[in-house]
Participant: 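Sending over a structure as structure tokens; questions will come in a sec.
When a ligand or atom number is given, it counts from 1 through the structure's own listing order.
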Amino acid sequence: MNHLLSVSSDAKTIKGQKKGYLTGILYLAPADESVSSGGFNTCPKASAGCKASCLFTAGRSAIFPMINQARIRKTVELKNDREGFLRQLASDISALVRKAERDNLIPCVRINGTSDLPFLAHAMAELFPNVQFYDYTKLPHPWTRVRKNYSLTFSHAENNLTDCLAALDHGINVAVVFGTKKNEPLPKTWHGYPVVSGDESDLRFLDKRGKVIGLYAKGNAKQDATGFVERNGLFTFAAAK
Ligand code: SF4
């Protein structure tokens with residue numbers, strides 16, 4: 001089995017490196033993208049809007065088809081040989097930890113870069129209790145799945161406002177993609193919760209609690225018409241809590 005983790009492979013994780021963190025991310029094929037190739041649905045709560053705007057279709061993967069082919073291959077490997085996949089993932093994380101030590105950086109790992117599989121993250125977080133893990137998720141009740149070394153940020157979509165507000169109520173931050181133009185500031189609040197920028201880095205486990213993590217729309221998300229990208233509420237938000 002080939003290597004599974006991508007290390008500091010995008011602009012946001014490179015920003016994290018400047019803050020002292022070496023980030024490894026596992027990118028599988030999201031939602032049902034791998035099903036016709038023998039894989040499985042990796043995002044049980046994906047919405048039409050998030051699927052159309054997913055990272056799977058953004059950045060370098062939009063230019064080089066082999067990137068997404070590799071993600072599909074990894075997803076099929078996970079389905080067909082779960083034990084082998086977990087062994088390889090653990091080996092990749094060990095290598096990341098060693099590299100971080102050599103480079104005087106702190107290792108951190110996002111298991112669900114383009115998937116939503118808590119069992120994988122929990123298995124690795126248990127195996128590496130001294131490594132910080134983090135993910136975004138659309139599965140409801142995220143507060144039941146956080147661990148000492150596993151942080152979760154809930155992701156807003158066009159169909160999960162109730163789950164977003166429940167997450168915020170339970171101290172889990174919520175990431176919201178806003179339709180704000182790049183040269184304009186993000187809204188100050190969303191449903192009464194203060195918005196902070198999530199584009200400075202991907203180090204979500206460092207965010208203070210009780211925040212909405214505001215992201216600018218990128219790639220296909222700029223054309224979103226499903227409500228996945230928050231546009232309607234921009235001028236009607238309540239005062240900050
Ligand atoms: S849940 Fe996340 S990873 Fe899955 S399709 Fe939606 S945006 Fe992509």
Participant: What is the nearest protein non-hydrogen atom to atom 2 (Fe) of ligand 1, stated with its residue, atom name and distance?
Facilitator: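 For atom 2 (Fe) of ligand 1, the nearest protein heavy atom comes out as K138 NZ, 3.8 Å.
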
Participant: Just to be sure I read this right, does ligand 1 sit under 4.0 Å from the backbone of C50, its side chain, both, or neither, counting only heavy atoms?
Facilitator: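 The part of C50 near ligand 1 is both the backbone and the side chain.
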
Participant: Taking the six-membered ring of Y134 (Phe, Tyr or Trp), confirm whether the NZ or CZ of R204 is under 6.0 Å from its centre and within 45° of its axis.
Facilitator: no

Participant: Please work out, at 4.0 Å between heavy atoms, whether the side chain, the backbone, both, or neither of S115 comes within that distance of ligand 1.
Facilitator: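 Backbone only; the side chain of S115 stays clear of ligand 1.
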
Participant: Report yes or no: does a heavy atom of D116 sit under 4.0 Å from some atom of ligand 1?
Facilitator: no

Participant: Kindly confirm or rule out a cation-pi arrangement of K79 over F40, judged by NZ or CZ under 6.0 Å from the six-membered ring centre and within 45° of its axis?
Facilitator: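 No, K79 does not sit over the ring of F40.
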
Participant: I need the nearest protein heavy-atom contact for atom 4 (Fe) of ligand 1: residue, atom name and distance, please.
Facilitator: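 Here the nearest protein heavy atom works out to C43 SG, 2.4 Å.
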
Participant: Indicate whether any N or O donor in one side chain lies under 3.5 Å from an N or O acceptor in the other, for T137 and D116.
Facilitator: yes

Participant: With a cut-off of 2.8 Å, does C54 place any N/O/S atom under that distance from atom 6 (Fe) of ligand 1?
Facilitator: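 So C54 does not bind atom 6 (Fe) of ligand 1 by this criterion.
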
Participant: Should the ring pair Y21 and F205 be called parallel, tilted or perpendicular, given that the plane angle runs from 0 to 90° and is split at 30 and 60?
Facilitator: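 Perpendicular.
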
Participant: Could you tell me whether a side-chain N or O of K218 sits under 3.5 Å from a main-chain N or O of Y216, the two making a donor and an acceptor?
Facilitator: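 It does hold such a pair.
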
